[in-house]
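When a ligand or atom number is given, it counts from 1 through the structure's own listing order. This chain uses plain numbering: 1 for the first residue, then up along the sequence.
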Amino acid sequence: MNRHEPVAIVGAGIAGLTAALSFARKGISAEIFERTAILSEAGAGLQLSPNATRILTTLGLLPQLQNVWSEPQAVTLVSGVSLKTIASVPSGAFARNRWRAPYGVLHRADLQKTLLDAVKANPLCRLHLGTEIDDTTQHAIAGMIGSQPRLVVGADGVWSKIRKQIEGAGKARFSANVAWRFTLSETEAPVFFDTTKVSAFLGSGSHLVVYPLQRARNFNVVAITSGADTGQSWDNSLPPQTSRQRLLEAFAGWHAQIIDMLRHAVEPTVWPLYQVNDGAWNQGENVVLIGDAAHAMMPFAAQGAAMAIEDAFELASFVAAGKPLAAFADHRKSRVARVRSRGAFNRFAYHARGPVRLGRDLVLSMRRPESLAADFDWLYGYEPED
Ligand SMILES: Cc1cc2nc3c(=O)[nH]c(=O)nc-3n(C[C@H](O)[C@H](O)[C@H](O)COP(=O)(O)OP(=O)(O)OC[C@H]3O[C@@H](n4cnc5c(N)ncnc54)[C@H](O)[C@@H]3O)c2cc1C
């Protein structure tokens with residue numbers, strides 16, 4: 001392979017920026033095209049599990065990330081009705097020890113800035129902001145960089161245009177679930193919000209995930225419920241009263257303190273959850289998809305960004321080793337399928353009703369934290385191809 005021939009990466013999200021750094025680490029230059037002129041991220045938090053942080057550490061980003069994230073001591077499941085803890089998986093030093101990498105929670109914009117700074121400082125990476133790539137990709141890119149890229153990487157998210165060029169690719173479909181999100185300052189948060197934990201509050205048909213964002217000194221709150229499609233972006237267009245009313249309806253019957261917290265949430269925004277179903281990820285040896293463009297998934301296992309990071313890193317390894325794109329796609333698809341199944345299981349367990357819920361609580365309460373942690377060894381202990 002000619003290492004001087006660049007790869008073209010469409011999209012400077014988590015997948016695209018990680019891919020650029022991963023290719024550069026293998027000595028392959030990357031031209032990154034991003035449609036927005038300024039990279040700014042809607043204010044959301046992100047959990048980064050050890051399988052993702054192991055890769056970010058290999059890319060040399062751990063010191064920067066440690067400045068902007070916190071490492072929760074545990075991930076707990078809590079009843080949204082009684083506020084009793086159902087189960088707790090240890091994290092913090094335990095995660096570093098068991099999975100040989102940390103578990104961090106941070107603001108998504110902080111991760112993106114960390115990746116972006118590293119890309120800007122890397123002589124093998126060139127970023128073209130304000131440059132939307134459409135269906136004429138190959139020709140358009142060749143014109144802009146003065147040569148034909150050896151590979152086009154579609155890292156352009158759930159609404160990918162590159163995906164449209166791939167015969168047999170999956171399609172984005174609404175999941176009938178929506179995610180609400182907002183932040184709460186530490187001072188206005190209810191006392192049972194814990195700055196040392198990721199807490200998932202569970203109830204019939206809905207759940208609520210809460211974790212601290214260290215730098216902003218606030219809590220990130222994500223509520224996932226069934227709901228109607230609201231379009232392709234975080235939606236502030238619903239009148240505030242309607243938005244709040246829908247949120248409160250989804251949490252009817254929950255603990256009074258949670259309902260009170262939701263009643264006072266400032267500007268909850270709603271995000272329709274789309275998934276990309278299984279389909280082709282590559283077109284011959286020239287075009288390949290990674291991240292949400294390939295496999296956008298529900299956030300029930302909090303693994304979408306982690307899978308984007310794994311895809312990006314392993315794609316560079318496969319390409320540098322001269323392995324075919326089809327081999328990369330096969331390798332990644334089996335991993336992503338297993339993660340999706342875990343997400344589907346969580347969805348069933350988190351939103352369980354009636355006797356299923358009682359059974360879930362009983363089974364989980366009987367398991368020791370170490371035994372619960374062992375369930376995640378295949379996911380968090382993953383060693384990517386390098
Ligand atoms: C509520 C919620 C909570 C989540 N929580 C977690 C979590 O805790 N942990 C986790 O791992 N994951 C989580 N995820 C999933 C995670 O956010 C996504 O999987 C991840 O951000 C996908 O990254 P990406 O780079 O593939 O796509 P994106 O972030 O969508 O990036 C795509 C980029 O491509 C650009 N682009 C698009 N089209 C074009 C074009 N034609 N030309 C040029 N540029 C283009 C876009 O502007 C954007 O910058 C969550 C998701 C949701 C909805």
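Applying salt bridge (charged side-chain N to carboxylate O under 4.0 Å, His left out) to Glu385 and the options Lys323, Lys26, Arg335 leaves one that passes, Lys323.
Here the two rings, on Tyr274 and Trp159, have centers that are under 6.0 Å apart. Ring to ring, Phe300 and His207 are close: their centroids are under 6.0 angstrom apart.
Judged purely by atom type and a 3.5 angstrom limit, Tyr103 has no side-chain atom pairing as donor or acceptor with the backbone of Thr53. Arg25 places no side-chain N or O within donor-acceptor distance of the main-chain N or O of Ala316, the cut-off being under 3.5 Å.
Using a 4.5 Å heavy-atom cutoff, the side chains of Val222 and Pro299 are not in contact.
Near Trp271, meaning under 4.0 Å from one of its heavy atoms, ligand 1 places the atoms 53 (C). Less than 4.0 angstrom separates some heavy atom of Ala179 from each of these atoms of ligand 1: 1 (C). Listed by number with element, the atoms of ligand 1 under 4.0 Å from a non-hydrogen atom of Ala306 are 11 (O). The Phe33 neighbourhood of ligand 1 comprises atoms 43 (C), 44 (N), with distances under 4.0 Å to a heavy atom of that residue. If you number the atoms of ligand 1 from 1 as listed, the ones under 4.0 Å from a heavy atom of Leu273 come out as 53 (C). Near Ala155, meaning under 4.0 Å from any of its heavy atoms, are these atoms of ligand 1: 32 (C), 33 (C), 34 (O). Interface of Thr131 with ligand 1, defined as ligand atoms under 4.0 Å from a residue heavy atom, comprises 43 (C).
At a 3.5 angstrom cut-off on N or O pairs, Ala305 counts as close to ligand 1. Of the polar atoms of Ile14, at least one N or O is found under 3.5 Å from an N or O of ligand 1, judged by distance alone. In terms of polar-atom proximity, Ala15 is counted as a contact of ligand 1, with an N or O under 3.5 Å from an N or O of the ligand. Here's the thing with Arg35: one of its N/O atoms is less than 3.5 angstrom from an N/O atom of ligand 1. Below 3.5 Å of separation, one finds an N or O of Asp292 facing an N or O of ligand 1. Here's the thing with Ala302: one of its N/O atoms is less than 3.5 angstrom from an N/O atom of ligand 1.
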Could you go through Trp281 and His295, starting from their C-alpha distance and side-chain angles, then the distance that decides it, and tell me whether this counts as ring-ring contact (aromatic ring centres under 6.0 Å, His included)?
CA-CA 9 Å; Trp281 286 21; His295 52 64; 5.3 Å; yes
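If you check each of Leu46, Val178, Ile309 against atom 7 (C) of ligand 1, the one with the closest non-hydrogen atom is Leu46. Scanning Glu34, Met298, Glu132, Lys164 for the heavy atom closest to atom 49 (O) of ligand 1 points to Glu34. Between atom 28 (P) of ligand 1 and the options Gly154, Gly291, Ala308, Gly157, the minimum heavy-atom separation is to Gly157. Of the options Asp156, Ile224, Ile133, the smallest heavy-atom separation from atom 37 (C) of ligand 1 is shown by Asp156. The heavy atom nearest to atom 17 (O) of ligand 1, considering only Gln303, Arg108, Gln112, is found in Arg108.
A salt bridge does not link Asp361 to Lys84: none of the charged nitrogens lies less than 4.0 Å from a carboxylate oxygen. Salt bridge status for Asp311 with Arg332: present, with a side-chain N to carboxylate O gap under 4.0 Å. Arg340 and Asp278 are not joined by a salt bridge, as no carboxylate oxygen comes within less than 4.0 angstrom of a charged side-chain nitrogen. Looking at Glu383 and Arg100, a side-chain N of the basic residue comes within less than 4.0 Å of a carboxylate O on the acidic one, giving a salt bridge.
Under the 4.0 angstrom criterion for non-hydrogen atoms, Arg181 is not in contact with ligand 1. For Met307, the closest heavy-atom approach to ligand 1 does not fall below 4.0 Å.
Judged purely by distance below 3.5 Å, without hydrogens or angles, the side chains of Asp156 and Ser160 pair a donor atom with an acceptor atom.
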